[in-house]
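Labels below follow one simple rule: chain letters A, B, ... track the order of the sequence lines, proteins then strands, and each chain is numbered from 1. Just so you know, these numbers use all the heavy atoms, side chains as well, and skip hydrogens, waters and symmetry mates.
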Amino acid sequence: MDDFLKSMAQTTNEHELYALLSPYKDRQLSIRFMVSVLSHESDWQRSLALLDWINEVASYRPSVFAYNVVIRNVLRAKQWVVAHGLFDEMRQRALAPDRYTYSMLITHFGKEGLYDSALSWLQKMEQDNVPGDLVLYSNLIELSRKLGDYSKAISIFSRLKRSGIRPDLVAYNSMIHVFGKAKLFLEARIMLTEMRANGVTPDTVSYSTILSMCVENDKFVEALSVFSEMNDAKCSLDSTTCNIMIDVYGQLDMAKEADRLFWSMRKMGIEPNVVSYNTLLRVYGDGELYGEAIHLFRLMQRKGIEQNVVTYNTMIKIYGKSLEHEKAGNLVQEMQKRGIEPNAITYSTIISIWAQAGKLGRAAMLFQKLRISGIEIDQVLYQTMIVAYERAGLIAHAAVCSMSLNNRTISLERLPLRFLPELVE
DNA sequence: GCGTACCGGT
């Protein structure tokens, strides 16, 4: 008990605690106080200790609310087993988990990718006849979307509306996303009208979700019209919107407009981020504006703007396209020196560049090195090497590579090495 | 109690 008080003293007024907790004076008051302390506690272990005290020392049955607070903290700390235990404990004490309890459990397990667990909590909730509310339904819509079950998301949305709940901005934005993924473009656009009719003003996220849906489906011209609709509605832009539009302009071969938008961001009070830079870099590369690309890349370094693996992969691709193969290779060294680890995309880009430059031996050697080093080689990386061999007319090598891809248990890893002498430039 | 959108390789 003393230890417990000491630990509680870290977050509360020690004097007050002692006064209220001399439990033999007024037990009811100290319990009430402890429950209120509990509601402000965010450390999961301390809140658990508090709950135990209420349970055991005070022999008082905590409320569902008290359990919900502790379960929330436990879930935030990703203590899944403890959460299960608390849920069972509630049941044993004949406390009925409510929609908050279920909402938290479903959301946190779902967010962690533990979809099966999340769905089993939903099942329990339905068995308990606990009615959903807006937040719970929104969470379920998001969960279904992440699972790729768009028709489930759509049916939850209509269940929500049927039960008389008015969707809010977040729910509508989620649905725009769902309709977009389900390729129901018209329905996604209709959401904008429906939300306005229900007094919910579409925000930046609503529009940029539609914009990225357009991009994902190569509807770049439609993106332009959505963008002007957004401007007409006086909806403010942010970095994400600008990034999407820089991409759109690039895809439409409107590098000038992309450029103009990027360089006007700061005037609009939007700080371009690494994604903005990476996107403009790619637009420059696609437009064969190699000088601009190199300049931008080095400008980032001079100005100390964050560069990541995508920045380097993009720039490596550009050097490949401008036939500066050595510089592409140098960038791999440079990124490693700066602590940015190359990934499968870096390697497939560089292998494809070397193969096209007629340096198949070098490409094969790198591929071999990756295999031996145990770096994860994904489908595209294999495919890149297979295509490189095929283009060079080395069908046997391509076949060996395909066999390793299709059946990684076949131990043919050493074979390409045996062929290597013929390949050296 | 909960929460959404943007960049790179065949």
Novice: Please confirm whether the shortest side-chain N or O distance from Arg282(A) to OP1 or OP2 of dG8(B) is below 4.0 Å.
Specialist: yes

Novice: With a non-hydrogen cut-off below 4.0 angstrom, is Asp168(A) in contact with a base, only sugar-phosphate, or nothing?
Specialist: base

Novice: Select base, sugar-phosphate, or nothing to describe what Val309(A) touches, counting heavy atoms under 4.0 Å on all strands.
Specialist: base

Novice: From CG of Leu75(A) over to P of dG1(B), roughly how many Å is that when rounded to an integer?
Specialist: 13 Å

Novice: Among the nucleotides dT4(B), dC2(B), dG9(B), which one has an atom lying closest to any side-chain atom of Asp378(A)?
Specialist: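 The answer is dG9(B).
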
Novice: Between the side chains of Glu142(A) and Lys111(A), is the shortest nitrogen-to-carboxylate-oxygen separation below 4.0 Å, so that they form an ion pair?
Specialist: no

Novice: Please give, in whole Å, the distance from dC6(B) P to Glu216(A) CD?
Specialist: 8 Å

Novice: Give a yes/no answer on whether the side chain of Arg76(A) brings an N or O atom under 4.0 Å of OP1 or OP2 in dC2(B).
Specialist: yes

Novice: Would you kindly give the OH-to-C1' distance between Tyr67(A) and dG1(B), to the nearest whole Å?
Specialist: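 Atom-to-atom, Tyr67(A) to dG1(B), this comes out as 18 Å.
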
Novice: Classify the nucleic acid contact of Ser174(A) as base, sugar-phosphate or nothing, counting any heavy atom under 4.0 Å across all strands shown.
Specialist: nothing

Novice: Does Lys317(A) make a side-chain N or O approach to OP1 or OP2 of dG8(B) shorter than 4.0 Å?
Specialist: no

Novice: Rounded to the nearest Å, what distance is computed from the CG atom of residue Leu136(A) to the P atom of nucleotide dC2(B)?
Specialist: 12 Å

Novice: Considering only heavy atoms and no angle criterion, is a donor-acceptor pair shorter than 3.5 Å present between the side chain of Asn343(A) and the base of dG8(B)?
Specialist: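 In this structure, the two groups form a donor-acceptor pair.
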
Novice: From the set dG9(B), dA5(B), dG1(B), return the single nucleotide nearest to any side-chain atom of Asp133(A).
Specialist: dG1(B)

Novice: At less than 3.5 Å, do the side-chain atoms of Asn308(A) and the base atoms of dG8(B) form a donor-acceptor pair?
Specialist: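 No pair found.
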
Novice: Hey, is the side chain of Ser348(A) pairing donor to acceptor with the base of dG9(B) inside 3.5 Å?
Specialist: yes

Novice: Less than 3.5 Å between a donor and an acceptor, one on the side chain of Thr209(A) and one on the base of dA5(B), is that the case here?
Specialist: no

